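Here is the structure we will look at, set down as structure tokens.
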Number of protein chains: 2
Amino acid sequence: MKRTSLPKKGYNGNIYYNIKVLQNYRSKGRACKIFGGIFLETISVIANSLSLSNFLHDVAEKFHTYIFDRGDRIHVKMGETLFCEGDPAQRCYFVLKGRLRLTKLHEQGKTVVVRYINPGELTAAIAVFKEKNYPVTAQAATAAETIGWNKQTMVDLMAEFPQLAINMLRVAVDRLDDLQARYLELCAEQVEQRIARALLRIMRQSGLKTEDGILIDFRLSRQELAEYTGTTLYTVSRALSAWEKKGWVISGRERITVSDPHALVLFAENG
Amino acid sequence: MKRTSLPKKGYNGNIYYNIKVLQNYRSKGRACKIFGGIFLETISVIANSLSLSNFLHDVAEKFHTYIFDRGDRIHVKMGETLFCEGDPAQRCYFVLKGRLRLTKLHEQGKTVVVRYINPGELTAAIAVFKEKNYPVTAQAATAAETIGWNKQTMVDLMAEFPQLAINMLRVAVDRLDDLQARYLELCAEQVEQRIARALLRIMRQSGLKTEDGILIDFRLSRQELAEYTGTTLYTVSRALSAWEKKGWVISGRERITVSDPHALVLFAENG
DNA sequence: GAAAGTCTTTGCGCCGGCGCAAAGATTGAA
DNA sequence: TTCAATCTTTGCGCCGGCGCAAAGACTTTC
């Protein structure tokens, strides 16, 4: 087992697109300042390649550029924090590329991963509708490109494109549904089963086919998987070890490949 | 300890209002058919007495009657099911009086209480925005009066009163926030602490001051509290017994009075 | 390429909470 | 009033999962 190396180039997050232009700009430290022109062409590719079923659903394509242009382009390096639980919520964000991790911190110090925000998804809608603080912390699980709109801008946009409000509502309803499902799992299932489900969920969102199976394409430590499933890193480690012996997964340091998804699904469903 | 009897009249759910008219009509089995006139006067009282911050927020009061009138008035007896997890979502509901229990059923048979819907709150917004099935089952935890709008009606209303869409979004965002908080609790806290928090939460929503303390004004079994906190009825029973010995609560069959809320809060926060 | 830092594995012991079982309490129906 | 149904309590035993500790594996830095 061990270590199939990650594809080196042209891939980050789960969107494939011509990344050259962006990389050139970034290498000159200017990525965050680019608007319009070539760069927005890239955005358009992203928007189309995704099931952008959500935020821009039923908004005519010709307006996408305009809408993105009204926000600020924000790049976050891996591990950096985009916004922090408890801070006043001022902006909502759309992820173009990369992956955000939303966490919540418990008084007694324990951290819980509430959700991952993938390319094409929106987060912190709360900023637009409530005079409140962010309920979670958003960190970049991989280097990420985002667009952030502040409250007033988004309100204006929603007045201009009422469909945006509807879409946002759809997003919120979906998130609620998803979280309810996970709440149920947390109550009703044993740890190993939950770990299996979590792994499969992440795999579906960020899986990358390789010859050994489906590789999860971002750094995912035992600790992090534990925080996502409500358990401890020891328990996760033991589960992965056991599954590796059965040939279901291949795991290395912060890297997991699911080599037998079918077996894992069976286990997730029947215990 | 034991058995302080529930106040007999004029109270149900957590709204106080002149209930006579309604009761007269109901006793003749006609409550479900009443619209407009006197009855809507009652509704108006309800709407004002609540922190209706939500669904009707910023909608001029003169329109409330009209909006309610567009829906169907539906009465559910205690224990009856309003809609069922997995059925096609056709209607969303507003609770006027009483309390709904939203549950989700796990494959392996375990039931989880996802949320309670109190007077003044809306549920099943999903029916309006998605071609989906209800993600939860709604049962009446006490006899309840609701207004149900079907999909098209609500879409029309939202076109007429765009504020309704905004309010609905606010509701969804709030629910998400609340569920995230409970998800965190479930991951990070011990059972007894969670039971304490749940009891306090329910108390705040449905507490009724009595001379012995704050009585939870609807039937709440150990089993149900267990399903709300992700544990078993045995564990809940043991916790309540222990707290009763400490003088924090007084509990009887399907009935709980919190006699020392302060102690319970301390326990909930510090374990 | 050596050393420091970080992540992972695994043995071991412990305990919070589960769940059966059986008795007791309360309620509703006949 | 009695009986059946339902809910609650509590003793007892068990075990899933936690968490320490220490060694091993992998990465990064200089």
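Sequence lines set the chain letters: A, B, ... in the order given, protein chains first and strands last, and positions in each chain run from 1. The structure displayed is predicted, hence computed values, not measured ones.
When the side-chain nitrogen and oxygen atoms of B:Arg222 are compared with OP1 and OP2 of D:dC7, none of them lie within a distance under 4.0 Å. Neither OP1 nor OP2 of D:dG19 sits under 4.0 Å from any side-chain N or O of A:Thr232. Side-chain N/O atoms of B:Gln223 include none lying less than 4.0 angstrom from OP1 or OP2 on D:dC7. Within the structure, every side-chain polar atom (N or O) of B:Thr235 is placed at least 4.0 Å from both OP1 and OP2 of C:dG16. Between B:Arg219 and D:dT6 there is no side-chain N or O to OP1 or OP2 distance below 4.0 Å. Of the side-chain N and O atoms in A:Arg253, none sit less than 4.0 angstrom from OP1 or OP2 of C:dT8. Taking side-chain N and O atoms only, B:Thr231 has a distance below 4.0 Å to OP1 or OP2 of C:dC18. Applying the 4.0 Å criterion to OP1 and OP2 of C:dT8, one finds that A:Ser237 has every side-chain N and O outside that range.
When the P atom of C:dC7 is taken as reference, atom CG of A:Leu240 falls 16 Å away, rounded to whole Å. A:Ile256 places its CD1 atom 12 Å from the C1' atom of C:dC7, with the value rounded to the nearest Å. Nucleotide D:dG16 holds its P atom 7 Å from the CD atom of A:Gln190, rounded to whole Å. Counting to the nearest Å, the C1' atom of D:dG17 and the CG atom of A:Leu233 are 13 Å from each other. With rounding to whole Å, A:Trp243 atom CH2 is found 16 Å from C:dT9 atom C1'.
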task: Would you check, one step at a time, whether the test side chain to side chain contact (heavy atoms under 4.5 Å, CB included) holds for B:Glu189 with B:Arg197?
output: CA-CA 10 Å; B:Glu189 290 175 358; B:Arg197 275 198 208 273; 2.7 Å; yes
- request: Applying side chain to side chain contact (heavy atoms under 4.5 Å, CB included), run through B:Ile74 and B:Ile147 and close with a yes or a no.
  value: CA-CA 6 Å; B:Ile74 294 164; B:Ile147 294 188; over 6 Å; no
- prompt: Given A:Arg253 and A:Ser221, is the side-chain hydrogen bond (donor to acceptor under 3.5 Å, both in side chains) satisfied, shown in steps?
  reply: CA-CA 7 Å; A:Arg253 182 186 169 114; A:Ser221 68; over 6 Å; no
- request: Starting from the C-alpha separation in whole Å, work towards a yes-or-no answer on side chain to side chain contact (heavy atoms under 4.5 Å, CB included) for B:Leu186 and B:Arg194.
  value: CA-CA 7 Å; B:Leu186 196 55; B:Arg194 300 202 309 263; 3.4 Å; yes
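Within 4.0 Å (heavy atoms only), A:Glu192 reaches no atom of the nucleic acid at all.
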Below 3.5 Å is the cut-off: list the nitrogen or oxygen pairs between protein and nucleotides 1-4 of chain C, distance only.
none

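Under 4.0 Å is where a charged nitrogen must lie from a carboxylate oxygen, and between B:Arg91 and B:Asp72 at least one such pair does.
Looking at B:Glu121 and B:Arg115, their side chains come closer than 4.5 Å, going by heavy atoms from C-beta outward. Two residues are said to be in side-chain contact when any heavy atoms from C-beta on lie closer than 4.5 Å; A:Glu244 and A:Trp248 fail this criterion. Side-chain contact check for A:Leu199 versus A:Ile256: some heavy-atom pair is nearer than 4.5 Å. Side-chain contact between B:Leu208 and B:Phe218 is absent, with no heavy-atom pair separated by less than 4.5 Å.
Checked by distance alone, B:Arg238 brings no side-chain donor or acceptor within 3.5 Å of a matching partner on the base of D:dT9.
Of all heavy-atom pairs spanning A:Gly148 and A:Tyr93, the tightest one is CA-CD2, 3.6 Å.
In the helix from C:dG1-D:dC30 to C:dA30-D:dT1, the end axes, each obtained as the rotation axis mapping the C1' atoms of four pairs onto the next four within a five-pair block, lie 50° apart to the nearest 10 degrees.
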